[in-house]
Each structure stands twice: as C-alpha cells, then as structure tokens.
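This report concerns only the one structure given below.
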Amino acid sequence: MKTVYLQLDEQHIDAVALHALKEAGNALANGALVAFPTETVYGLGGMAFDKEAAKKIYAAKGRPSDNPLIVHVAATEDVKRLAKDIPDVFYRLADAFWPGPLTCVLHKQNEVPYETTGGLDTVAVRFPSLTIAQELIKASGGFVAAPSANLSGRPSPTTAAHCKEDLDGRVDYIIDGGSAVLGIESTVLDLTGEEPVILRPGFITGEMLQDVLGRSVVTSSGMDEKDPRAPKAPGMKYRHYAPNGTLLVVTGEADAVAKEICARLKQDKEQGLRTGVICGETKKARYEADRVVTFPEKDAPRALSKMLFFALREMDAFGIDAIYAEGVSEEGVGAAVMNRLVKAAGQTVIHV
Ligand code: TXA
Ligand code: MG
C-alpha cells in the first residue's frame, strides 16, 4: 500500500486543511487506517464500530489483539453511543478535563465490537484537544479507535516522521501536525468499579483528579500479577517503549548519578559499545558518550515528558547499544514520565 502524507498546521486550519481532513475522514469511514496527531502522541485511527478496521489496526501495529483500543470522540455527549451506565463522576471529569489527555474506561454498549475492546465488556473513551484530531473524527462519523501509531513495543510516536519510520506502507494516510505538545500518552482512569482507579498515569495526575472528585484516587500498578486489578489494564503487561539498545535508569542525588553513569560509560567504551545518555542540560559536559540528549532541568519532569520518546528513538537512529537515563522527581507529571522510562528500561533501575 502507498501511504498518503498530509501536512497541516494546527494553528491554521483553513478551508484547504478542512478539505484534506474531510478526505481522510471519508477514507476512515470506508475502512482505511489514518495516523493522526493528538496533544499526547500520534494515534493510528480506524472506525470504532467496524471490527475489520480494528483487526487491521492490530495487524499494522503487530499488536496482540487482547490489548484494547481507545475510542476517540469529538463531543462529550457522543460517549452515550459507546458506553452505558455512565456514572456522574464521568461528566464531572469530562467538564474539567475534556477535550484533553484523560481516557475513561466505562461499560460498553453492545454495538461496540469486542475486536475494538480486546474482548472486554468495557470501553476506553477519550476526547482529544487538537483541532486536527477533532475535525478528522467528525469527518469520519464521530468514533475513531486509535492506539498510539507505533509498531508494538516501540516508543510512542511524537512526530509524523516517527509514524513514517514504523508505519510507512502499512497505513493509508499519515497526517503531519507537528511535534506532539505533551509527548506522553493520556491518563487512563477506570470508572467501572466502586472507586476510580488510575490504570496508566499520565499528564492528568492523581492530585488533579482528586481535586475534581473530592476523594482519593488510587493507581493500579497493572504490572503486579498478584494485583487483582492487573487484568484491567491489559496493555500494561507487554514490553513497551523499548529502544533497541539496553536502557538503564539511574536515580538518586545528582552528583552520585553522574558519577555512576560516567563509570559505566567508561566500561562500555572499553568493550567497544556505542553509548548514549539522556540527562539534564547542565550535565551534558560531564558525559563522554556517542549521543547525549538533554532536557532543561528547571522544567523537569515536564520537559522530559515532551522529549522522552523522541530521545529513545534518537538512540536507535544513532545505533546506540548502551543508554543511560537520569531519573526525575516523581511529583506531578513526573510519576507518568518515570512510569514510561522504567517500562522502556524493562524495569532496570538503580538507585545510587
Ligand atoms: O494518549 C493516548 O492515550 C494515545 C492517543 C493516540 O490518544 N493513545 C494510546 O493508546 O496511548 P494505546 O492503545 O497505545 O494505549 C491504550 C491503553 C493501553 O494500556 C490499554 O490496555 C488501555 O489503554 N485500555 C484501553 N481500553 C481499555 C479498557 N477497556 N480497559 C482497560 N484498559 C484499557
Ligand atoms: Mg501505545
């Protein structure tokens, strides 16, 4: 298949851009796959009510089909077509955070195919904030199932170039809307139980949810086999975001972290490995590595969230064998950033 590329500017959606989005939306409605930008990461869209489209998404990504897809809408009231027994808290959260990087898991309507929900009786719903995404969803009829637009296991795509790397020739359209503003995926919140549970941390933090709900919100690790809630977040059990090289996360006091990474870089060099570091910009000069990707410490962890997936893909592009990343504070969005970083590292973290 030949992939069609559309280049659009989120800040200037004029009549020509709308026409292009209509074309891609019509293609979606007719069963095509379309990669598109959102504020979090790029998504790979197909029609949510069409089980063949869902199967095509899994095939294009090489994704296990028990890993459910998020259905994207462009209006809060459309959620009624997807979900039933919707609790009041959902509407309070939608009022506060939609459109935006919050995904809610609800009981699905019968019409939503199991192919889309990975065999579950629940459905994950999200209303993304980019105009490009919203206009595409509307043009297609309103309900777009979309996982992140990467090959399964690879870092999520934050640019159209990343989508091209993974999906060129495997999807019908790739819409380029520039770099994703947030850079990590939405918070996934389960609203089907007695109490709301965060299944995947994201930009909308537990504290932000608590402020709106007036009650505490727990986070399920999703990784713990003994955790009875683990099967509720099927995506969390797979290896994720992994670069080709081995990644080690080092946490602790800044100087001790730098010392530890330097010692390891030296050993790697002696073995002839190509090395890379992801670190705060003031530390750059301390590391002798083949590739160093930095983020401004004063804005960490927010700054790292924006460039983490980009940095991991950079390491692959430069053929790096051994990658070291400085850990960041787990406060606020830091919890989500460290969640992705630690997963990308296959849980190999050392504290110095
Ligand atoms: O920001 C995002 O959420 C991006 C953009 C494209 O919207 N999408 C995204 O999709 O990250 P994906 O498929 O890569 O991750 C969806 C996550 C997975 O961990 C999946 O297991 C979980 O959401 N999920 C989806 N439906 C679910 C359901 N019914 N119950 C529990 N977890 C669900
Ligand atoms: Mg994903």
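Atoms within each ligand, like the ligands themselves, are counted from 1 in listed order.
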**Study point:** Steps toward salt bridge (charged side-chain N to carboxylate O under 4.0 Å, His left out) verdict (Lys56, Glu52)
**Key:** CA-CA 6 Å; Lys56 275 163 67 177; Glu52 295 311 318; over 6 Å; no

Check your understanding: Which atoms from ligand 1 have a heavy atom of Gly43 less than 4.0 Å away?
Key -> 6 (C)

**Study point:** Non-hydrogen side-chain atoms of Val333 and Leu182 separated by less than 4.5 Å
**Key:** no

Check your understanding: Can Glu39 be said to touch ligand 1, with heavy atoms closer than 4.0 Å?
Key -> no

Check your understanding: Does ligand 1 have a heavy atom under 4.0 Å from the side chain of Thr117, from its backbone, from both, or from neither?
Key -> neither

Practice item. Under 4.0 Å from a heavy atom of Val188: give me the atoms of ligand 1 that qualify, with their elements. Key: 23 (O)

Exercise for review: Examine distances only and state if a side-chain atom of Lys61 and a backbone atom of Asn150 form a donor-acceptor pair shorter than 3.5 Å.
Suggested key: yes

Study note, to complete from the structure: In ligand 1, the atoms that come under 4.0 Å of a heavy atom of Pro147 are 10 (O), 12 (P), 13 (O)

Practice item. Just jot down the ligand 1 atoms closer than 4.0 angstrom to any heavy atom of His72, in number order. Key: 5 (C), 6 (C), 7 (O)

**Study point:** Any side-chain heavy-atom pair of Arg154 and Asp316 under 4.5 Å
**Key:** yes

Check your understanding: Does Lys108 come within less than 4.0 Å of ligand 1, judged by its heavy atoms?
Key -> no

Check your understanding: Looking only at distance, does Thr38 have an N or O less than 3.5 Å from an N or O of ligand 1?
Key -> no

Check your understanding: Hey, does Leu8 have a side-chain heavy atom less than 4.5 Å from the side chain of Ile175?
Key -> yes

Point to revise | Asp172 (side chain) donor-acceptor with Leu33 (main chain) under 3.5 angstrom | key: yes

Review point. Which atoms of ligand 1 are found less than 4.0 Å from any heavy atom of Thr122?
Key: 28 (C), 29 (N), 30 (N)

Exercise for review: Look at atom 5 (C) of ligand 1 and find which of Thr40, Ile57, Ile70 reaches it with the closest heavy atom.
Suggested key: Thr40

Practice item. Answer side chain, backbone, both or neither: which part of Asp190 comes under 4.0 Å from ligand 1, heavy atoms only. Key: neither

Point to revise | Atom pair CG (Asp88) and CG (Leu191), whose distance is rounded to the nearest 0.5 Å | key: 11.5 Å

Practice item. Find all atoms of ligand 1 within a distance of less than 4.0 Å from any non-hydrogen atom belonging to Leu199, and give their numbers and elements. Key: 31 (C), 32 (N)

Point to revise | Val105 near ligand 1 by a heavy-atom separation under 4.0 Å | key: yes

Exercise for review: Look at the side chain of Asp290 and the backbone N and O of Thr275, then say whether any donor-acceptor pair between them is shorter than 3.5 Å.
Suggested key: yes

Check your understanding: Judging by distance only, is a nitrogen or oxygen of Tyr42 under 3.5 angstrom from one on ligand 1?
Key -> no

**Study point:** Plane angle bin for Phe310 and His162 - parallel if under 30°, tilted between 30 and 60°, otherwise perpendicular
**Key:** tilted

Review point. Which atoms of ligand 1 are found less than 4.0 Å from any heavy atom of Asn67?
Key: 18 (C), 20 (C), 21 (O)

Point to revise | Under 2.8 Å: N/O/S of Ser148 next to the Mg ion (ligand 2) | key: yes

Check your understanding: Are side-chain heavy atoms of Glu135 and Lys138 found at a separation under 4.5 Å?
Key -> yes

Review point. Is the closest side-chain heavy-atom distance between Ser156 and Glu185 below 4.5 Å?
Key: yes

Point to revise | Per-atom contacts of ligand 1 with Arg63, taking only distances under 4.0 Å to non-hydrogen atoms | key: 12 (P), 13 (O), 14 (O)

